[in-house]
Q: 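One structure coming up, written as structure tokens, with questions to follow.
Reminder, nothing fancy here: chain letters follow the sequence lines and each chain counts from 1. Scope of the values below: all heavy atoms of this structure, side chains included, with no hydrogens, waters or symmetry mates.
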2 protein chains.
Amino acid sequence: MTFNLILANVEKHISLNESERKFFCSLLKEKKFSKKDLVLSEGQTCRNISFVNSGILRAFFNYDGKESTIMFAMKDWWVTDINCFIKHQPAMLNIVALEKTEVLQLTKENMDKLLHEFPKFEKFFRIIFQNAYIREQLRTIQNLSLPAAERYDNFCTKYERIANMITQKQIASYLGITPEFLSVIRAKKTKS
Amino acid sequence: MTFNLILANVEKHISLNESERKFFCSLLKEKKFSKKDLVLSEGQTCRNISFVNSGILRAFFNYDGKESTIMFAMKDWWVTDINCFIKHQPAMLNIVALEKTEVLQLTKENMDKLLHEFPKFEKFFRIIFQNAYIREQLRTIQNLSLPAAERYDNFCTKYERIANMITQKQIASYLGITPEFLSVIRAKKTKS
DNA sequence: GAAAAGACTTAATGTAGATTAAGAAATCAG
DNA sequence: CTGATTTCTTAATCTACATTAAGTCTTTTC
């Protein structure tokens, strides 16, 4: 596996010299998952934040059998159960590979080590979490104010790259509706 | 107005010397709002992130007349339209004072200046945004998976300090339901 | 301190979206 | 390749929550 993608991801926000690059990469752990493999399962303590090098992950919450998708993580995205990762609590979320997926994982301990050794990474994570906050605040706004059909349109825009690689069941669980109702929404859209 | 509260808020996460304190405080602008005053209105460019020194603010989204409350900000909380603040776009949110409220505001320009002058503040904002992300990811989980009555219970726990200082109309708009339906939920709860 | 405006409740009726069910199409496992 | 499992669709019925409306209570305003 190559570190090119993750280094580019970091260097979009902060510049690194060779020793910083090396140290950062030395803290990462490569992992490969097959379709349906679990990257994280609920109850387990979430030690890692994962960077998707290739493939797709889905983070979802399971409330007695009903799944709610919290996010899809594509190539070049970071994903974790943030509450569990930061506060060392049992995970609420499951994270599953939707296809063959390669990730680079950073443990909380290694993140702390990195921030201690090279404080400039504070800026990087400040920006990563700032962007995550922007994303989630926008989603809250839309979840509260828009009907399902419009949330579906927004979803297709936001996840354009993968919208036709994932099942409608999974999209429905992201929108907070049933697959049957999504099917109705799509049927109406085709007609008009 | 005193800077004690905001300095304590910062020094919970990073330690400051006297010159850092002074510089930080010099970048802040005090503002006082009366009940119903707007701290931010939609469309306007959001230049500030606000720290609540006393009082209560409400951030809401207006979708042709229907209001969705995104958050309440109590004493010792930070609040802004984060998308607009970071990306210099027109605000989607309105922020209004629910009572006499004193805030300390930091403009994006001053935040950048602060981060440039004293990079240790990167850590502070990393933690602030990290916590905001945790809060919003939890809310997304709950919005998608829980019925209104349970979301109301969670609300009362989370906003215990202010739950009986704000109207039910405002609580309902946070939960994504009508005040009439919240009234029904509460009536059922009293009976049982 | 009176009039007006807004908040809260209750109830009847309406609707977005859920549930159940069943068949067709696609995908998966051996 | 083939049977089994999962996905998608359509439709009937059901339910959580919305809307409308009307009355009471509280707060605001001047």
Side-chain angles (χ1 to χ4, degrees), chain A residues 33-37 56 58 60-69 72 96-100 142-156 162-192, chain B residues 33-37 56 58 60-69 72 94 96-101 142-156 162-192:
Chain A
F33 296 95
S34 303
K35 196 169 181 172
K36 293 189 187 175
D37 282 353
I56 308 173
R58 180 172 77 100
F60 66 95
F61 177 65
N62 189 323
Y63 188 66
D64 47 59
K66 281 193 211 172
E67 296 184 356
S68 300
T69 295
F72 297 94
V96 65
L98 296 186
E99 56 179 49
K100 199 159 164 296
Q142 293 177 4
N143 277 350
L144 289 177
S145 60
L146 302 181
E150 293 185 46
R151 266 146 48 214
Y152 176 59
D153 292 340
N154 290 340
F155 175 87
C156 291
I162 58 163
N164 39 20
M165 301 165 73
I166 57 193
T167 68
Q168 283 167 228
K169 190 180 170 182
Q170 287 158 2
I171 296 176
S173 89
Y174 179 94
L175 299 175
I177 60 177
T178 58
E180 291 83 358
F181 189 57
L182 178 55
S183 194
V184 172
I185 288 173
R186 285 163 51 88
K188 273 182 198 157
K189 219 165 280 285
T190 312
K191 242 181 281 176
S192 64
Chain B
F33 296 95
S34 303
K35 194 170 181 172
K36 295 191 185 174
D37 282 353
I56 308 175
R58 181 172 77 99
F60 66 95
F61 178 66
N62 189 323
Y63 190 66
D64 47 60
K66 282 193 211 172
E67 295 184 357
S68 301
T69 296
F72 296 95
N94 299 274
V96 66
L98 296 187
E99 56 180 48
K100 202 160 162 296
T101 297
Q142 294 177 4
N143 277 350
L144 289 177
S145 59
L146 302 181
E150 295 186 46
R151 265 147 48 214
Y152 176 59
D153 292 341
N154 290 340
F155 175 86
C156 291
I162 57 163
N164 38 20
M165 301 166 72
I166 57 193
T167 68
Q168 282 166 231
K169 191 180 169 183
Q170 287 157 4
I171 296 176
S173 88
Y174 179 95
L175 298 175
I177 61 177
T178 58
E180 290 84 357
F181 189 57
L182 178 55
S183 195
V184 172
I185 288 173
R186 284 163 51 88
K188 275 183 196 156
K189 221 165 280 285
T190 311
K191 244 181 282 178
S192 64

Q: Whole-Å distance between dG17(C) P and Tyr152(A) OH?
A: 15 Å
Q: Mind calculating the distance between NZ (Lys169(B)) and C1' (dT27(D)) to the nearest angstrom?
A: 14 Å
Q: Roughly, in whole Å, what's the span from CD in Glu180(A) to C1' in dA21(C)?
A: 10 Å
Q: May I ask you to evaluate whether Gln170(B) reaches the phosphate of dA7(C), defined as a side-chain N or O under 4.0 Å from OP1 or OP2?
A: no
Q: Would you compute the distance between atom CZ of Phe61(A) and atom OG1 of Thr69(A) and round it to the nearest 0.5 angstrom?
A: 12.5 Å
Q: Does a side-chain N or O of Lys36(B) approach OP1 or OP2 of dT28(D) to a distance below 4.0 Å, or not?
A: no
Q: To the nearest angstrom, how far is Gln168(B) atom CD from dT10(C) atom P?
A: 11 Å
Q: In whole angstroms, how far is the P atom of dT10(D) from the CZ atom of Phe181(A)?
A: 14 Å
Q: Take the protein atom CZ of Arg186(A) and the nucleotide atom C1' of dC8(D), then report the distance between them rounded to whole Å.
A: 9 Å
Q: Does dC8(C) have OP1 or OP2 under 4.0 Å away from a side-chain N or O of Ser183(B)?
A: no
Q: List the steps and the verdict of side chain to side chain contact (heavy atoms under 4.5 Å, CB included) for Val184(B) and Glu180(B).
A: CA-CA 7 Å; Val184(B) 172; Glu180(B) 290 84 357; 5.9 Å; no
Q: Just by distance, do the side chain of Thr167(A) and the backbone of Gln170(A) share a donor-acceptor pair under 3.5 Å?
A: yes
Q: Whether Lys66(A) contacts dA18(C) is assessed here as follows: a side-chain N or O lying under 4.0 Å from the phosphate OP1 or OP2. Is that the case?
A: no
Q: Write down the distance between CD1 (Ile185(B)) and C1' (dC17(D)), rounded to a whole number of angstrom.
A: 9 Å
Q: Quick check for you: among dC28(C), dA18(D), dG17(C), whose closest atom lies nearest to any side-chain atom of Lys35(A)?
A: dC28(C)
Q: Starting at NZ of Lys188(A) and ending at P of dA16(C), how long is that distance when rounded to a whole Å?
A: 7 Å
Q: Any heavy-atom pair between the side chains of Ile177(A) and Tyr152(A) that's under 4.5 Å?
A: no
Q: With sugar-phosphate meaning primed atoms plus P, OP1 and OP2, does Thr167(B) contact a base, only sugar-phosphate, or nothing at under 4.0 Å between heavy atoms?
A: sugar-phosphate
Q: Would you compute the distance between atom CD1 of Ile56(A) and atom CZ of Phe72(A) and round it to the nearest 0.5 angstrom?
A: 8.5 Å
